[in-house]
There are 2 protein chains.
Amino acid sequence: MTKKLPDKTVERLSQYRRALLNYLASGKHHIFSHEIANLLHITAVQVRRDIMLIGYTGTLRQGYDVKELIDIIGKIIDSRDGQKVAVVGIGNLGRAIMGYFSGKRTKLNIVAAFDTNPEKVNKIYAGIPCYHNEMLKDIIKNEGISIAVISVPGEYAEKVAEDLILAGIKGIINFSPKPLNVPSHVYLQEFDIVTMLEKVAYFVKKA
Amino acid sequence: MTKKLPDKTVERLSQYRRALLNYLASGKHHIFSHEIANLLHITAVQVRRDIMLIGYTGTLRQGYDVKELIDIIGKIIDSRDGQKVAVVGIGNLGRAIMGYFSGKRTKLNIVAAFDTNPEKVNKIYAGIPCYHNEMLKDIIKNEGISIAVISVPGEYAEKVAEDLILAGIKGIINFSPKPLNVPSHVYLQEFDIVTMLEKVAYFVKKA
DNA sequence: TTAACACTGTTATTTTTTTCACAGATATTT
DNA sequence: AAATATCTGTGAAAAAAATAACAGTGTTAA
């Protein structure tokens, strides 16, 4: 199972798991591919194919064992000992992200936040300590943080990314509008809110 | 030029425009495809293809006229009279989004925010009035708002989406972790932060 | 004036992702 | 027990997106 899965499949697996955890609360133990599909509003074939790709197999006429499936997905997408995450830039967006994770105990732990604003440095946000950006390299290295979320204004994004890369970060999620350049051993996911809005606007506009 | 462009091309066009507006400040009036490519860290072919798709053509040996290109992109992705946008859910994320747009005058105008929290209702955030969710349908209709950003907790997302659709919304950006189901005449863009992080974690994890 | 060069525009190819179509298996109905 | 219905797993086809390859054309250099 070492073979890398398609990008999109990994995204959906994460969503399957969340939906299934929720579904467990209904007390049912089995679920059909078309039921999963309905939860995410996608097609049943897609669900079956994704599940096929991770090597799990359901039972005919009964569908998939919910707990087993949740477990398998965990084995695939989680890393054994969890991964540490840092958030750089404690504006509204940074705090929103920290809020999403606070309380939940998953394999992904936000363990540090960074900002340059002295008002914010050395405070605790959603249970996470905020350090000055100057500390970034040291803390990333010492804590073994492998993933960083960049939620600083565009002007600073490049510099932050450089520092992160020098510190040995492995994955970056960039919320700033500045496209980043990363070496091939760093996985980069960009997300640009303005662009997303403009795209929606394009597909919405009636001539 | 009524033919719909590929999804990804539209995203990139939005990014080209922003990069080009910035590039104008350098005082240069022309730009080569490979220079645009460098700005976004993509390939020159991709840039040329996108530009081909919108029917613009550069001049050999000089590249593209920056202002013209910006104009053409605007003609393609903006709608003539602009579009109105609403943000539903004024948590950190909602405020972050409003912050991105405040001040900038583009063809996309956030004209209303909604929340259920009485502390927030009837206040102004980043210049945008916040109404109670009860007002949603009326205001969407009366103001002619065509796009909505959902930044409420998952539990409320479905209900909000229903109301938006009843109100005649055309496009939705969903930041909640609850997958939405929309009729085919509504364009939906989902963005799930937890899933994105889990995806990055997967591609980053060593063994 | 000819050769080398540097770009664009586009066709062809490849890769990635989704959808179709159906064989196989087991429960249910008649 | 045969016929029917239901659901999985997957090969094959289609659709979407990215990349390669190159013809064409003006520019510069020799």
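Chain A is the first sequence line, chain B the second, and so forth, proteins listed ahead of strands; every chain is numbered from 1. Predicted model, so just to flag it, every value in this text is computed and none were measured.
Side-chain contact between A:V10 and B:K199: present, with at least one pair of heavy atoms (C-beta onward) separated by less than 4.5 Å. When side chains are defined from C-beta on, A:P179 counts as touching A:E190, because their heavy atoms get closer than 4.5 Å. The shortest distance between side-chain heavy atoms of A:R17 and A:D78 falls below 4.5 Å. Between B:I172 and B:I147, the closest side-chain pair of non-hydrogen atoms is not below 4.5 Å. A:I128 has its side chain out of reach of A:V87: every pair of non-hydrogen atoms, C-beta onward, lies at least 4.5 Å apart. Side-chain contact between A:R95 and A:Y125: present, with at least one pair of heavy atoms (C-beta onward) separated by less than 4.5 Å. Taking the side chain as every heavy atom from C-beta outward, B:N174 and B:D192 never approach each other to under 4.5 Å.
If you measure from atom NE2 of A:H30 to atom C1' of D:dT8, you get 14 Å, rounded to the nearest angstrom. If you measure from atom CZ of A:R48 to atom P of D:dT6, you get 14 Å, rounded to the nearest angstrom. Atom pair B:F32:CZ and D:dT27:P shows a separation of 12 Å (rounding to whole Å applied). Rounded to an integer number of Å, the gap from A:Y56 OH to D:dT8 P is 11 Å. Summarising the geometry, the separation between CG on A:L53 and P on D:dT8 is reported as 16 Å, rounded to the nearest angstrom.
Scanning DNA chain C 5' to 3' for nucleotides with an atom closer than 4.0 angstrom to a non-hydrogen atom of chain A gives a first and last hit of C:dT17 to C:dT28.
Listed by residue number, B:H34 are the residues of residues 34-42 of chain B with a heavy-atom contact under 4.0 Å to DNA chain C.
Looking only at distances, no side-chain donor or acceptor of B:T9 sits under 3.5 Å from a matching main-chain atom of B:L53.
A salt bridge between B:D71 and B:K75 is absent, with no side-chain N of the basic residue lying under 4.0 Å from a carboxylate O of the acidic one. The existence of a salt bridge linking A:E155 and A:K178 is excluded, since no basic side-chain nitrogen approaches an acidic carboxylate oxygen closer than 4.0 Å.
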Are any protein N/O atoms closer than 3.5 Å to N/O atoms in nucleotides 16-20 of chain D? If there are, list each pair with its distance.
residue : atom : partner : partner atom : Å
D:dA18  : OP2  : B:R12   : NH1          : 3.0
D:dA18  : OP2  : B:R12   : NH2          : 3.2
D:dA18  : OP2  : B:Q46   : NE2          : 3.3
D:dT19  : O4   : B:R49   : NE           : 3.2
D:dT19  : O4   : B:R49   : NH2          : 3.4

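Taking only side-chain atoms of A:M52, from C-beta outward, the nucleotide of D:dT27, D:dT25, D:dG9 with the closest atom is D:dG9.
When each of A:V47, A:D65, A:L39 is paired with A:I31, the side-chain contact (heavy atoms from CB on, under 4.5 Å) condition holds for A:L39 and for no other.
Between D:dC7 and A:S33, no contact under 4.0 Å exists linking OP1 or OP2 to a side-chain N or O.
Sequence order on DNA chain D of the closest nucleotides to A:T57 and A:R61 puts A:R61 first from the 5' end.
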